[in-house]
Amino acid sequence: MKRRRRSSQADISPALSVHHYRLLAGAVLLLALALAVCAARMVPAGIASYQALSFMAHWRKAGEEPSARAYEIARTAAQRSVTLYPVANGQYLQQLGLVEQWQAFRQPFASPQAGASRQASLQALRQAVAARPTWPVAWADLAWAKLYLQEFDSEFDQALRKAAELGPWRIGINRGLSQAGFYSWAQLDTEQRELVLESARRTVSHSRREAVALFDTAKATGLAEVLCSALPGKIAEERGICAGTIE
């Protein structure tokens, strides 16, 4: 009587290898298809983002609110970049928030006419910091969105602190926080005011151009003496500001 030959690993491994190969090939194909779909969405999203940025660069250079037609085109492009991108993109959401702010660029704080676009800006910037919580520029923009709406609450406080914490030596952050702080000075508590003044000191120290621009903001908000009293040493004299401000 013949003994049944025991199955060995060598007997079954070829069949398993083919099966595994097919599974692997299928997984690779699915991954390739997913990557292709993502790429097909990311490229037009980038183009739409560039279009929105171009409009904002033009508005910034002109220093005026966009026409209704230009605003709508830029807003559509910014929204398209957000919608097309496969996941939440903090940069694109931030751009959308800024486009919304431009619609009422010249309107005063808490203007009822600007309420809708500024609320839309706030919502987009909230999503931006949620998608990219370590990016200080988005937090600074969120603080400005709250300032435009005159909402000085815990969210405003968090935005100020996060921007200062994450971008302590970035001139754009310090400039933005200083200006936002001067415009909201009456609403700030002691700790918030010190945060603003620290940003102001860094701004003044950066360059004469930055110092003069911030001093102009301080004068416009009635805070020239506050700014000048907070500056260390002879930095004010070196920057050519504050002459005759402090008695």
Side-chain angles (χ1 to χ4, degrees), residues 44-85 88-132 135-153 155-156 158-160 162-163 167 170-184 187 199 203 209-210 213-214 216-217 220-221:
I47 294 172
S49 171
Y50 178 78
Q51 184 181 19
L53 283 174
S54 298
F55 271 95
M56 286 195 290
H58 174 74
W59 301 339
R60 189 175 297 110
K61 184 176 181 180
E64 59 186 25
E65 292 179 0
S67 66
R69 176 62 175 163
Y71 163 75
E72 192 57 39
I73 294 173
R75 182 181 179 279
T76 299
Q79 184 63 66
R80 180 175 170 78
S81 69
V82 169
T83 302
L84 284 175
Y85 203 80
N89 186 301
Q91 178 182 349
Y92 293 170
L93 286 162
Q94 182 185 0
Q95 289 172 9
L96 176 59
L98 294 179
V99 169
E100 295 284 12
Q101 284 185 4
W102 270 102
Q103 186 189 28
F105 175 65
R106 292 294 183 187
Q107 295 298 313
F109 297 141
S111 169
Q113 290 80 4
S117 62
R118 288 175 177 173
Q119 283 291 346
S121 172
L122 178 62
Q123 292 302 320
L125 290 168
R126 281 173 173 164
Q127 295 176 56
V129 297
R132 194 162 56 169
W135 195 244
V137 177
W139 284 107
D141 287 341
L142 180 61
W144 271 93
K146 299 291 287 187
L147 171 61
Y148 281 126
L149 290 165
Q150 296 288 278
E151 295 180 359
F152 304 108
D153 52 17
E155 186 177 38
F156 174 75
Q158 181 187 31
L160 284 180
K162 282 289 188 179
R170 296 183 59 172
I171 182 57
I173 299 299
N174 286 303
R175 181 198 309 120
L177 291 181
S178 301
Q179 293 173 336
F182 288 167
Y183 283 117
S184 59
Q187 307 297 327
S199 293
T203 302
R209 179 179 179 180
E210 293 288 349
L214 185 59
D216 287 343
T217 301
T221 54

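Residues Tyr85 and Ser49 have side chains not in contact (no heavy-atom distance under 4.5 Å, counting atoms from C-beta outward). Looking only at side-chain heavy atoms (C-beta outward), Gln187 and Gln150 stay at 4.5 Å or farther from each other. Proximity of Arg80 to Gln51: side-chain heavy atoms (C-beta onward) are nowhere separated by under 4.5 Å. At least one side-chain heavy atom of Phe182 sits under 4.5 Å from a side-chain heavy atom of Leu214.
What you find for Gly97 and Leu125 is that their closest heavy atoms are CA-CG, 4.2 Å. Between Ser111 and Arg118 the shortest heavy-atom distance is N-NH1, 3.9 Å. Considering all non-hydrogen atoms of both residues, Trp144 and Gly176 come closest at NE1-O, 3.1 Å. For Ala74 against Val99, the heavy-atom pair with the smallest separation is C-CG1, 4.0 Å. Minimum heavy-atom separation, Gly167 to Pro136: N-CB, 3.7 Å. What you find for Gly90 and Ala128 is that their closest heavy atoms are O-CB, 3.6 Å.
The distance from atom CG of Asp141 to atom CD1 of Ile173, rounded to the nearest 0.5 Å, is 7.5 Å. Rounded to the nearest 0.5 angstrom, Phe152 CZ and Leu147 CG are separated by 5.0 Å. Atoms OG1 and CD, from Thr217 and Gln179 in turn, are 4.5 Å apart once rounded to the nearest 0.5 Å. Distance check: Leu84 CG to Asn89 CG gives 11.5 Å after rounding to the nearest 0.5 Å. Atom OG of Ser117 sits about 5.5 Å away from atom OH of Tyr71, to the nearest 0.5 Å. Here the CG-CG distance, from Leu93 to Leu98, works out to 11.0 Å after rounding to the nearest 0.5 Å.
Judged purely by atom type and a 3.5 angstrom limit, Asp153 uses its side chain to pair as donor or acceptor with the backbone of Phe156.
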Checking Trp135 against Gln94 for the side-chain contact (heavy atoms from CB on, under 4.5 Å) test, could you report, in this order, the C-alpha distance in whole Å, the side-chain angles of both residues, the deciding distance, and whether it holds? CA-CA 10 Å; Trp135 195 244; Gln94 182 185 0; 3.9 Å; yes
Criterion side-chain contact (heavy atoms from CB on, under 4.5 Å) on Val82 and Gln79, from CA distance to verdict: CA-CA 5 Å; Val82 169; Gln79 184 63 66; 4.2 Å; yes
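Donor-acceptor pairing under 3.5 Å is lacking for the side chains of Gln95 and Ser81.
Checked against salt bridge (charged side-chain N to carboxylate O under 4.0 Å, His left out), Glu155 has the following partners two or more places apart in sequence or in another chain: Arg126, Lys146. Not counting sequence neighbours, the partners of Ala70 by the side-chain contact (heavy atoms from CB on, under 4.5 Å) test are Phe55, Trp59, Pro66, Ser67. The side-chain contact (heavy atoms from CB on, under 4.5 Å) check on Ala124 picks up Leu96, with sequence neighbours excluded. Arg75 pairs by the salt bridge (charged side-chain N to carboxylate O under 4.0 Å, His left out) definition with Glu100, not counting sequence neighbours. Evaluation of the side-chain contact (heavy atoms from CB on, under 4.5 Å) rule for Glu210 yields Ile171, Arg175, Thr203, His206, Ser207 as partners, not counting sequence neighbours.
Counting only residues at least two apart or in different chains, ring-ring contact (aromatic ring centres under 6.0 Å, His included) contacts with residues 104-123 comprise Trp102-Phe105, Phe109-Tyr148, Phe109-Tyr183.
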